[in-house]
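Read the structure below first, then the notes.
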Number of protein chains: 2
Amino acid sequence: MATRDNQHEKLTEAQDRFVASWGQMAGAWGISRTMAEAHALLYITGRPMNTDEIMDRLQISRGNASMSIRALLDWGIISRTHKRGDRKEYFEADQDVWSMFRSIVRERMKREVEPLLATLFEIRDASPAPDEAAGDQQKELLAHQKRLEEMLSFMQTMEKLSHRFVSPSGSGLELAAKLLTKFDR
Amino acid sequence: MATRDNQHEKLTEAQDRFVASWGQMAGAWGISRTMAEAHALLYITGRPMNTDEIMDRLQISRGNASMSIRALLDWGIISRTHKRGDRKEYFEADQDVWSMFRSIVRERMKREVEPLLATLFEIRDASPAPDEAAGDQQKELLAHQKRLEEMLSFMQTMEKLSHRFVSPSGSGLELAAKLLTKFDR
DNA sequence: TGGTTGTTTCAGAATAAATTGAAACAAGGC
DNA sequence: GCCTTGTTTCAATTTATTCTGAAACAACCA
């Protein structure tokens, strides 16, 4: 059975490396390392795990595990399961990479882009309106408004785009993306 | 001139709010607040500014200003300018929102996605290969490989997509995005 | 060459974010 | 009710990140 043991060891090592590289990526995107690692672990092992297993594997505290799992549930990229005769809660990751990606985009839009957009509208409406006179200051106010409008229009396009792909039936994005990359240049 | 003063005051206030909301957003995306604020300031004022002006307006130290400006230059979303008879360096933001966005995507891909992709390939190549036998463990190895492949394929699609839009002539994205949002559902 | 102005660097300080661990809380079973 | 098992919360701590300020550096000028 030495071969089998060796295989298993290498599998575990590959999983650990996957988890670690995922965790590294996290910081750059404003996600906590542990949260990313927990998700990576559930994804790459592909089986439901309970809190204790996750704690042990990632070497983290119970509190941290609980909060990270909660966050992943809120993002909608992992779900609860149960095992017969076991009172513990188990968690498993969405195994469809594209649907996972859609969930992430959906949440980030909702949490970060939408509030920003609302603020930008407020700022626009509170910005001083240029009057008819043609002084330099009026020109500047006009330019200010133009810059605000362009940013607003950009973000609105992004929002619509994300809704278009992310929300309902949903799997349009995968097809579109693949088509778009199919023909080089 | 009370009206003019009032207009100017309101303009400054609008700019400050823009800068602040931009800065808030930053944290969620793994960017330092100051860097985002400096960029927002240059964008919304629309005119070249030197280090001292930026320091004063954002209330930050010279060191911080210098490093943030440098980072923005590295990202390619601001550029250096000079004024006749003034030895100071001036900086101005790219005023085209879409080209700005392209620069950001290009850099993030290069810095974060490409290295991750390289690591994923390494992990795949170091993962144990299943043999012909049909045991549970072999099935698991197969499933592991499938998950890795799916993630790899996803990220490769994303990379190609980004190259397609971001790199050369470049302005395709704007058109495509607008078209895609044009027809609801 | 020495003086002046402007820019960069980086060790240490300040700040923000993530993590722990123990207590509080829930949900059963007896 | 009152144990037992599992989960959540949160104040205190640890860790990571950002920022400061002064010194080093660079470029120009007289």
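A note on names: the letters A, B, ... follow the listed sequences, proteins ahead of strands, and every chain is numbered from 1. When reading the values below, keep in mind they use all heavy atoms of this one structure, side chains included, and skip hydrogens, waters and symmetry mates.
Whole-Å rounding puts the A:R33 CZ to C:dA16 P distance at 22 Å. When the P atom of D:dT20 is taken as reference, atom CG of B:L58 falls 10 Å away, rounded to whole Å. Spacing between atom CD of B:E37 and atom P of D:dT18 amounts to 13 Å, rounded to whole angstrom units. Straight-line distance from the CE atom of B:M35 to the P atom of D:dT17: 16 Å, rounded to whole Å. One can place NZ of A:K83 at 16 Å from C1' of D:dG6, the figure rounded to the nearest angstrom.
Residues B:S66 and B:T51 are not in side-chain contact: their nearest non-hydrogen atoms beyond the backbone lie 4.5 Å or more apart. Annotation: side chain of B:T119 is not in contact with side chain of A:M25 (no heavy-atom distance under 4.5 Å). Here the side chains of B:D74 and B:R111 are in contact, with some heavy-atom distance below 4.5 Å.
Residues passing the ring-ring contact (aromatic ring centres under 6.0 Å, His included) test with B:F18 are B:W22, sequence neighbours excluded.
By the 4.0 Å N-to-carboxylate-O rule, B:E53 lies close enough to B:R47 to be salt-bridged with it. Contact check on B:E107 versus B:K110 returns a salt bridge, with a Lys/Arg side-chain nitrogen under 4.0 Å from an Asp/Glu carboxylate oxygen.
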List every contact pair, protein side and nucleotides 5-10 of chain C side both N or O, where the distance is under 3.5 Å.
{"unit_1": "C:dT5", "atom_1": "O2", "unit_2": "B:R87", "atom_2": "NH2", "d": "3.2"}
{"unit_1": "C:dG6", "atom_1": "OP1", "unit_2": "B:K88", "atom_2": "NZ", "d": "3.4"}
{"unit_1": "C:dT7", "atom_1": "OP1", "unit_2": "B:E89", "atom_2": "N", "d": "2.7"}
{"unit_1": "C:dT8", "atom_1": "OP2", "unit_2": "B:S66", "atom_2": "OG", "d": "3.4"}
{"unit_1": "C:dT9", "atom_1": "OP2", "unit_2": "B:R70", "atom_2": "NH2", "d": "3.3"}

